[in-house]
2 protein chains.
Amino acid sequence: MPLRLLIADNERLFRQSLRKLLEGTRDIRVVAEAADGQEAVLKAQSTQPDIALLDVRMPKMDGIKAAKLMASLVPKIKILMLSIHDDDEKIISALRAGAMGYILKDADQKDFLDILRNAYLGKTHASPYLANLTISRRPGQPRTAEDRKGQFIEKYNLTEQELKILHLLAEGLSNEEMSRMVNLSRETIKMHLKALFRKLQVKNRTEAAVLAVREIVG
Amino acid sequence: MPLRLLIADNERLFRQSLRKLLEGTRDIRVVAEAADGQEAVLKAQSTQPDIALLDVRMPKMDGIKAAKLMASLVPKIKILMLSIHDDDEKIISALRAGAMGYILKDADQKDFLDILRNAYLGKTHASPYLANLTISRRPGQPRTAEDRKGQFIEKYNLTEQELKILHLLAEGLSNEEMSRMVNLSRETIKMHLKALFRKLQVKNRTEAAVLAVREIVG
DNA sequence: CTTAAAACCACCCGTTCGGGGAATTGACAG
DNA sequence: CTGTCAATTCCCCGAACGGGTGGTTTTAAG
């Protein structure tokens with residue numbers, strides 16, 4: 001089966017030329033495109049790609065935040081960040097947000113494909129000859145994060161759904177935005193929030209978000 | 001000049017007997033009492049005591065949160081936490097919240113007075129003979145925290161007032177609660193919040209609180 | 001003294017929250 | 001098939017939020 005890829009970049013031209021480039025391969029298939037962060041998260045959930053290629057700078061929601069949300073909403077997805085600058089301080093943020101690697105936009109096509117395939121295979125380190133590319137592995141949190149999540153759930157008796165909502169809340173999303181993000185009605189979101197406030201013993205979303213940041217999302 | 005003390009505990013009897021006990025001394029004067037966390041923070045600002053003695057468990061706002069707010073609103077105040085349990089996990093929270101020490105409620109009177117006086121002098125370690133007391137120093141953050149604060153202010157071009165409001169926000173307070181806390185009108189709070197949202201480039205209080213937790217209050 | 005910036009307060013207004021009750025659906029055990 | 005339990009959705013409604021405009025006072029700088 002081919003590598004199923006999602007491309008998120010605000011420039012249609014870039015997306016399409018990338019798609020064109022990848023049509024020349026037999027093992028990589030673009031299953032979704034997104035023009036902004038929100039759309040990217042939504043499509044990641046609906047199409048369940050193997051890898052999401054996210055531009056750091058995007059309208060509505062930047063790539064960092066989108067990466068965080070994807071990591072919690074589509075746990076098995078592999079994320080690669082795209083950017084123009086290599087010394088961007090956002091590299092760190094991206095990697096901490098769950099990204100496996102970081103690709104410069106002016107990378108050589110061949111190197112680019114190599115990175116995609118390596119990421120698919122779980123290889124998180126950059127090959128030594130990929131000199132003009134910055135790539136690094138996800139911090140050793142995947143398992144640890146799972147554990148923290150589990151402990152958190154049982155500590156407060158949360159359901160999976162509630163935890164998911166809590167992640168969204170910690171990104172500062174409104175009820176409306178959350179509802180679109182997980183494809184539920186605002187009312188359902190509200191109900192989950194009520195349950196969360198009760199279980200976490202807080203009295204509003206701000207306190208809940210702060211608690212979430214301190215205890216799980218970091 | 002005597003040591004000016006604030007006592008915060010929900011039990012009036014406890015407060016009064018403690019006051020009685022301290023009247024027997026010449027160097028310690030109780031300048032304020034509070035029955036809950038909110039009142040404690042308010043009186044700490046108005047009376048500017050040297051030391052605040054906070055019960056961990058209080059109505060409206062617990063001692064931990066009160067300690068955090070005091071630390072940011074009345075920087076030079078020294079905080080001692082009171083509790084019944086010694087193995088309370090809240091001890092860590094208290095110390096991280098800015099408390100200098102932790103006193104058990106069944107402590108010997110003499111030891112209790114010693115701790116008060118030592119805290120006043122800046123001695124943060126427990127004397128070895130205070131066996132049934134748990135006391136520990138404030139983590140080495142006072143200077144570091146100041147630095148972080150300064151960097152944060154210049155990074156986002158914040159004013160002192162705005163930073164103060166941000167601290168309150170990060171505790172999940174409503175505009176109304178903040179206004180009472182710093183003795184300003186709700187409208188003024190709203191104005192500072194608007195400025196904060198703009199400068200931090202966030203679009204609501206939740207995002208602002210999350211950012212604050214990540215970058216300053218930890 | 002003048003100007004500018006910060007801080008403070010107020011009113012209007014639309015949106016969002018958050019709590020309450022109640023109806024619907026789906027899954028699953030009895 | 002049926003009870004029932006959890007998840008979802010809708011409606012109502014008061015409170016809180018967030019944006020805009022306008023105005024006064026205080027502070028600092030020129």
Side-chain angles (χ1 to χ4, degrees), chain A residues 38 42 45-46 60-61 72-73 153-154 156-212, chain B residues 38 42 45-46 60-61 72-75 149-150 152-212:
Chain A
Q38 289 197 6
L42 290 174
Q45 290 177 94
S46 56
K60 288 192 177 178
M61 180 186 294
S72 60
L73 294 175
I153 284 188
E154 74 177 53
Y156 292 105
N157 273 315
L158 302 188
T159 66
E160 282 291 340
Q161 201 71 290
E162 286 162 356
L163 183 66
K164 194 174 286 187
I165 303 291
L166 186 56
H167 272 100
L168 300 178
L169 181 60
E171 295 301 327
L173 301 191
S174 69
N175 295 353
E176 167 70 20
E177 291 169 321
M178 293 189 219
S179 75
R180 283 199 302 265
M181 223 39 113
V182 292
N183 197 32
L184 290 174
S185 85
R186 265 163 299 177
E187 297 303 321
T188 307
I189 301 294
K190 282 173 57 179
M191 155 161 258
H192 286 308
L193 286 179
K194 271 188 270 192
L196 274 171
F197 296 165
R198 178 172 46 78
K199 292 180 179 178
L200 301 181
Q201 301 186 70
V202 297
K203 61 184 202 311
N204 57 45
R205 58 176 49 220
T206 307
E207 275 190 273
V210 167
L211 192 155
Chain B
Q38 290 197 7
L42 290 174
Q45 290 178 92
S46 56
K60 287 191 179 184
M61 179 186 294
S72 60
L73 294 174
V74 192
K149 221 169 80 172
F152 189 80
I153 283 188
E154 73 177 54
K155 173 175 180 185
Y156 294 103
N157 274 313
L158 301 187
T159 66
E160 283 292 338
Q161 202 71 287
E162 286 162 354
L163 184 66
K164 193 175 286 186
I165 302 294
L166 186 56
H167 272 101
L168 301 178
L169 181 60
E171 296 302 326
L173 301 191
S174 69
N175 295 352
E176 167 70 21
E177 290 170 320
M178 293 188 218
S179 76
R180 284 200 301 267
M181 220 41 110
V182 291
N183 197 31
L184 293 175
S185 87
R186 266 163 299 172
E187 297 302 321
T188 306
I189 301 293
K190 281 174 58 178
M191 150 160 270
H192 286 306
L193 286 179
K194 272 189 275 193
L196 276 171
F197 296 165
R198 179 173 46 78
K199 292 179 179 179
L200 302 182
Q201 300 186 69
V202 298
K203 62 184 201 311
N204 57 46
R205 57 177 49 222
T206 307
E207 275 189 272
V210 167
L211 193 155

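Below, chains carry the letters A, B, ... as their sequence lines are ordered, and counting in each starts from 1.
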If I compare all heavy atoms of B:Glu162 with all of B:Asn157, which pair ends up nearest, and what's the gap?
OE1-O, 4.3 Å
Applying salt bridge (charged side-chain N to carboxylate O under 4.0 Å, His left out), run through A:Glu177 and B:Lys203 and close with a yes or a no.
CA-CA 13 Å; A:Glu177 291 169 321; B:Lys203 62 184 201 311; 3.7 Å; yes
Which of the following nucleotides, C:dC8, D:dT8, D:dC17, is nearest to the side chain of B:Asn175?
D:dC17
Report the nucleotide, chosen from D:dG18, C:dG19, C:dA6, that has the shortest atom-to-atom distance to any side-chain atom of B:Thr159.
C:dA6
Between atom CZ in B:Phe197 and atom C1' in D:dG20, what is the gap in whole Å?
15 Å
For C:dC8, does either OP1 or OP2 sit under 4.0 Å from a side-chain N or O belonging to B:Ser185?
no
What contact category does A:Arg205 fall into here, base, sugar-phosphate, or nothing, at under 4.0 angstrom with non-hydrogen atoms?
sugar-phosphate
To the closest 0.5 Å, what do you measure between CG (A:Leu163) and NE2 (A:His192)?
12.0 Å
May I ask you to decide if A:Ser174's main-chain N or O and B:Asn204's side chain share a donor-acceptor pair within less than 3.5 Å?
no
Test for a donor-acceptor pair under 3.5 Å between the base of C:dC11 and the side chain of B:Glu187, counting only N and O atoms.
yes
Without decimals, in angstroms, what is the distance between B:Leu193 CG and C:dC9 P?
14 Å
Polar pair under 3.5 Å, donor/acceptor by atom type, side chain B:Lys203, base D:dG18
no
Please tell me if B:His192 has a side-chain N or O lying less than 4.0 Å from either OP1 or OP2 of C:dA6.
no
A:Leu184 atom CG is separated from D:dT8 atom P, nearest whole Å, by 5 Å
What is the distance, rounded to the nearest whole Å, between atom CD of B:Glu177 and atom C1' of C:dC17?
15 Å
Can you find a donor-acceptor pair, distance only, under 3.5 Å between B:Lys194 side chain and D:dG18 base?
no
Using a heavy-atom cut-off of under 4.0 Å over every strand shown, decide if B:Gln161 touches base, sugar-phosphate, or nothing.
sugar-phosphate
Rounded to whole Å, how long is the line connecting atom NZ of A:Lys190 with atom P of C:dG21?
14 Å
Within the structure shown, what part of the strands sits under 4.0 Å from B:Ser174 by heavy-atom distance: base, sugar-phosphate, or nothing?
sugar-phosphate
Nearest-Å distance, CD1 (A:Ile189) to C1' (C:dG19)?
17 Å
What is the distance from CZ of B:Arg186 to P of D:dC17, rounded to the nearest Å?
10 Å
From CE of A:Met178 across to C1' of D:dT8 the rounded distance in Å is 17 Å
The reported gap from CE in A:Met178 to CG in A:Leu166 (rounded to nearest 0.5 angstrom) is 9.0 Å
